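See structure below.
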Amino acid sequence: MKETIENHRKRIADIIDVRAGRDRAGRIYDFLYLFVIILNLTVSIMLTYENIRVRHAGLLLTLERGTVIIFCMDYFLRIWTARYQHPEVNETRAIRKYICSFTGIVDLLSFLPYFLPIFFPSGTVAFRMLRVMRVFRLFRINAYYDSFKLITDVLSSKKQQLFSSVFTILILMLASSLCMYSLEHEAQPDVFTNAFSGIWWAASTLLTVGYGDIYPITTLGKMFGIFITFLGVGMVAIPTGIISAGFVDQYSRIKRMSEYGRESDVHFIKIHLTERDPWVNRSIAQLHLPERVIVAVIKRNSRILVPRGNMILRADDIMVLGAESFADNEHIRLKEIVLQKSNPWVGRHIRDLNISRQSIIVLVKRRKKVLIPNGNMVLREGDMVLLYTQSFFADANEIDI
């Protein structure tokens, strides 16, 4: 019974996981989930129109209630299956990891304010304002469409530069507010009452909005305002340029990858993961593969998954790794020897073979297992030994790379 529940639990985790849900059930769930998000936001907008609210209030409130209940069910399903979403940690930490994540907080706030007035009637207005948080569910679209994800990748890659530019703008706003207070306080004591009263003027001027509700009237104040206006054009251009450069870098990287794929001969190998493999329960980003080795695709059960950096590998996954083909300019030849019963290597440690000066054993294939050789390994009858050597060995077959 317990095993059956765990199987259902794992199956539900695969369906609701955007990274893994690529079978029919997963695609249907993804489509319905996006539809419910858009429907809920549409209803929230329609309820702000008085004429529509008067005529269709009953239908709109019913749709809102239904979508909120679906949000609530989705939230608790993700808590129930958190151990499969984060298999690298135990169940308690996996649940905490989801609840404290950005998506977990948005998921909670998308339905919780709807039910809070039932328990706290006095806070109805405040809870209604919190319902605006459900609009952040649109960030989930990032997980479904690469076009939206590109924006997130650009902002993430340029976050340090953006933070520096915003910090510079804030410093200039504060400095210009202090300067304008010194120049205009005596002429406009009711407008520039203190050092921070010019923050609104500084923000509107530096960001080139210029509402005109607060403005200098003295000659020095006007001259300083002109200087700040010109400076504001440059300040706004800095983050704009950073983001534009980020888009160019991303598209250039994608173009280089596509050109590399056309011009280079890429070979692929298949790896079947087992419980004993150290890659199990680790994300692809944690594998630290060499720069020119890529994870091309992952087959999980009968589904083909597109690998992402945060995808967690599981036992029984089949990984397909791609790498640039080897150009045999060095004329390296490997030799393959199948050890017969009479072979003197049978029953001896690799370190005792006394071939280190002339040969290097690359790997040993024993039945269906491929073993990485070390000095303590004892060779057995039937082992297939692959080695690089300049020496002649009887019954050895050369392998072209």
Side-chain angles (χ1 to χ4, degrees), residues 1-43 62-89 91 94-95 97-99 101-104 106-108 110-111 134 136-149 152 270-275 279-284 295-320:
M1 181 66 180
K2 185 177 180 180
E3 185 177 353
T4 303
I5 294 176
E6 285 299 317
N7 290 335
H8 287 302
R9 192 177 179 185
K10 186 176 181 180
R11 176 58 178 154
I12 292 174
D14 288 338
I15 292 175
I16 67 177
D17 186 4
V18 177
R19 300 186 302 270
R22 290 295 180 265
D23 58 351
R24 184 177 181 182
R27 287 193 295 269
I28 292 175
Y29 185 87
D30 292 346
F31 173 79
L32 292 177
Y33 190 78
L34 287 175
F35 175 76
V36 169
I37 293 175
I38 295 173
L39 178 63
N40 180 270
L41 294 175
T42 303
V43 169
T62 301
L63 290 174
E64 184 183 38
R65 187 180 304 112
T67 54
V68 168
I69 291 174
I70 293 175
F71 290 158
C72 182
M73 293 172 59
D74 177 81
Y75 181 76
F76 286 105
L77 280 176
R78 293 182 185 277
I79 291 178
W80 187 50
T81 59
R83 60 174 297 184
Y84 293 106
Q85 305 296 329
H86 305 283
E88 71 277 9
V89 296
E91 185 167 3
I95 293 174
K97 191 171 183 179
Y98 166 69
I99 292 176
S101 65
F102 174 77
T103 55
V106 171
D107 290 348
L108 178 64
S110 62
F111 71 87
R134 70 185 61 175
F136 287 102
R137 272 189 170 263
L138 287 176
F139 282 110
R140 285 294 188 90
I141 298 178
N142 281 358
Y144 296 91
Y145 298 103
D146 290 336
S147 299
F148 291 99
K149 189 175 183 301
T152 306
K270 181 178 73 173
I271 300 175
H272 190 182
L273 298 181
T274 64
E275 292 284 356
W279 286 3
V280 173
N281 294 333
R282 298 179 64 183
S283 65
I284 293 177
V295 181
V297 74
I298 294 177
K299 184 177 181 181
R300 180 171 295 167
N301 299 329
S302 59
R303 301 189 305 279
I304 303 298
L305 309 180
V306 177
R308 300 178 184 271
N310 56 355
M311 177 179 288
I312 303 299
L313 300 174
R314 302 177 183 173
D316 293 329
D317 282 354
I318 296 177
M319 299 179 62
V320 178

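Only a predicted model underlies this, so the values are computations on that prediction, with no experimental measurement involved.
- Atom CD1 of residue I95 and atom CZ of residue R83 lie 10.0 Å apart, to the nearest 0.5 angstrom.
- Within the model, atoms CG of L108 and CZ of F76 stand 8.0 Å from one another, a figure rounded to the nearest 0.5 Å.
- Between the side chain of R78 and the backbone N or O of I16, at least one donor-acceptor pair lies under 3.5 Å.
- Looking at heavy atoms from C-beta onward, D74 lies in side-chain contact with Y29 at the 4.5 angstrom threshold.
- The shortest distance between side-chain heavy atoms of F71 and I37 falls below 4.5 Å.
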**Asked** Please walk me through it: do R314 and L273 pass side-chain contact (heavy atoms from CB on, under 4.5 Å)?
**Response** CA-CA 7 Å; R314 302 177 183 173; L273 298 181; over 6 Å; no

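- Between Y98 and Y75, the ring planes are tilted. Angles from 30° to 60° get that label.
- I318 places a side-chain heavy atom less than 4.5 Å from the side chain of H272.
- Among all heavy-atom pairs drawn from N40 and T67, the shortest one is ND2-OG1, 2.8 Å.
- The heavy-atom pair separating L77 from I12 by the smallest distance is CD2-CG2, 4.2 Å.
- The shortest distance between side-chain heavy atoms of V297 and M319 does not fall below 4.5 Å.
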**Prompt:** Does the pair D317 and R300 meet the rule for a side-chain contact (heavy atoms from CB on, under 4.5 Å), with working shown?
**Reply:** CA-CA 5 Å; D317 282 354; R300 180 171 295 167; 2.8 Å; yes

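- Checked against side-chain contact (heavy atoms from CB on, under 4.5 Å), V43 has the following partners two or more places apart in sequence or in another chain: L39, L47, L60, L63, E64.
- Smallest separation of non-hydrogen atoms from P307 and I298: CB-CD1, 4.1 Å.
- Shortest non-hydrogen contact noted between A94 and A82 is CB-O, 3.5 Å.
- The closest donor-acceptor contact from the side chain of T81 to the backbone of Y84 lies at 3.5 Å or more, if one exists at all.
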